[in-house]
Peer 1: 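Provided herewith is a single structure, encoded as structure tokens, for subsequent inquiry.
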Amino acid sequence: MAEMMKGNIAIAEAAVRAGVRLYAGYPITPSSEIMEYLSWRLPEIGGAFVQAESELAGINMVYGGSSCGVRVLTASSGPGISLKQEGISVLSDEELPALVINVVRYGNGLGTLFSSQCDYLRETRGGGNGDYRCIVLCPSSI
């Protein structure tokens, strides 16, 4: 029988089943559920969970883990992803794999569609330094 899960929990469990063994990140809503779930799930399977002191520290730990061949994950939301951009640029430049999840905060209160798509534009156009493009998967419930 199928099990009903919240989206963030389903993402976290899917990452575990895909082989992620290191999570490093800093709590920020609406992505905190991923972090909470992995805080007990990864140690249960011999993985490592690190609550970093900042978004910058989290992405640099992800960079280090990926450099060592570990399947790595971090998750955040809009402003946290902005802080991670330099680290994402380095990962891309060094061609190191990492799963970076952006749980988007929909809407900005300004009443325009374009500015509420700023996370999408940043992720699909390469948000940091250098000329790179990331693979972006955008699941939808529609």
Side-chain angles (χ1 to χ4, degrees), residues 1-111 113-130 132-142:
M1 176 178 243
E3 181 181 344
M4 182 66 80
M5 294 180 157
K6 288 179 158 182
N8 282 347
I9 304 306
I11 289 169
E13 182 58 30
V16 168
R17 292 182 187 191
V20 165
R21 293 299 177 262
L22 170 64
Y23 175 92
Y26 188 75
I28 183 172
T29 58
S31 71
S32 296
E33 289 174 327
I34 294 170
M35 182 179 211
E36 290 169 15
Y37 183 83
L38 293 174
S39 70
W40 63 267
R41 183 68 171 103
L42 281 174
E44 186 176 80
I45 59 163
F49 169 84
V50 180
Q51 180 175 332
E53 66 270 18
S54 69
E55 298 287 4
L56 299 173
I59 194 66
N60 286 314
M61 290 175 195
V62 163
Y63 174 79
S66 184
S67 297
C68 294
V70 177
R71 289 192 181 181
V72 294
L73 162 66
T74 191
S76 194
S77 188
I81 296 291
S82 293
L83 291 169
K84 292 177 186 286
Q85 285 305 309
E86 184 176 0
I88 293 169
S89 296
V90 172
L91 285 163
S92 295
D93 181 57
E94 299 299 321
E95 298 182 356
L96 291 169
L99 179 57
V100 179
I101 298 171
N102 179 8
V103 183
V104 177
R105 295 175 175 171
Y106 181 75
N108 60 5
L110 298 177
L113 181 60
F114 180 76
S115 54
S116 65
Q117 292 179 332
C118 60
D119 283 5
Y120 169 80
L121 295 172
R122 178 185 56 217
E123 270 67 85
T124 59
R125 305 303 189 271
N129 301 315
Y132 71 94
R133 297 292 183 263
C134 294
I135 296 170
V136 178
L137 304 175
C138 302
S140 174
S141 60
I142 296 176

Peer 1: Looking at CG of Asn102 and OG of Ser77, how far apart are the two atoms once the value is rounded to the nearest 0.5 Å?
Peer 2: 5.5 Å

Peer 1: For Asn8, check side-chain hydrogen bond (donor to acceptor under 3.5 Å, both in side chains) against everything at least two apart and list the hits.
Peer 2: Glu33

Peer 1: Report yes if some heavy atom in the side chain of Leu83 is under 4.5 Å from a heavy atom in the side chain of Ser54; otherwise report no.
Peer 2: no

Peer 1: As a quick check of understanding, evaluate side-chain contact (heavy atoms from CB on, under 4.5 Å) for Ile11 and Val103, giving each step before the final call.
Peer 2: CA-CA 10 Å; Ile11 289 169; Val103 183; 5.6 Å; no

Peer 1: Once you round to the nearest 0.5 Å, how far does CD of Glu86 lie from CG of Asp93?
Peer 2: 11.5 Å

Peer 1: Run the side chain to side chain contact (heavy atoms under 4.5 Å, CB included) test against Glu95 and tell me which residues pass, sequence neighbours left out.
Peer 2: none

Peer 1: Look up atom CD in Glu53 and atom CE in Met61, then write down how far apart they are to the nearest 0.5 Å.
Peer 2: 5.0 Å

Peer 1: Give me the atom names and distance for the closest heavy-atom approach of Gly80 to Ile28.
Peer 2: N-CD1, 4.0 Å

Peer 1: Please round to the nearest 0.5 Å and tell me the distance separating atom CG of Leu22 and atom CZ of Arg71.
Peer 2: 13.5 Å

Peer 1: Any donor-acceptor pair under 3.5 Å linking the side chain of Asn60 with the backbone of Leu56?
Peer 2: yes

Peer 1: For Gln51, what residues pass the side chain to side chain contact (heavy atoms under 4.5 Å, CB included) criterion, not counting sequence neighbours?
Peer 2: Pro27, Met35, Phe49

Peer 1: Find the distance between OG (Ser39) and CD (Glu44) and round it off to the nearest 0.5 Å.
Peer 2: 11.0 Å

Peer 1: Within a reach of under 6.0 Å around CZ of Arg21, are more than 12 heavy atoms found that belong to other residues, nucleotides or ligands?
Peer 2: yes

Peer 1: Go through the steps to decide whether Ser67 and Leu96 satisfy the test side-chain contact (heavy atoms from CB on, under 4.5 Å), and finish with yes or no.
Peer 2: CA-CA 7 Å; Ser67 297; Leu96 291 169; 3.5 Å; yes

Peer 1: Keeping the roles fixed (side chain from Ser66, backbone from Val62), state whether a donor-acceptor pair exists under 3.5 Å.
Peer 2: no

Peer 1: Going by the rule side-chain hydrogen bond (donor to acceptor under 3.5 Å, both in side chains), which residues pair with Ser31 if we only count those two or more places apart in sequence or in a different chain?
Peer 2: none

Peer 1: Taking atom CD1 of Ile34 and atom CZ of Arg41, what is their separation to the nearest 0.5 Å?
Peer 2: 15.0 Å

Peer 1: Which residues satisfy the ring pair (Phe, Tyr, Trp, His ring centres under 6.0 Å) test with Tyr63, sequence neighbours excluded?
Peer 2: none

Peer 1: Could you pull out all residues at least two apart from Val100 that satisfy side chain to side chain contact (heavy atoms under 4.5 Å, CB included)?
Peer 2: Ile59, Thr74, Ile81, Ile88

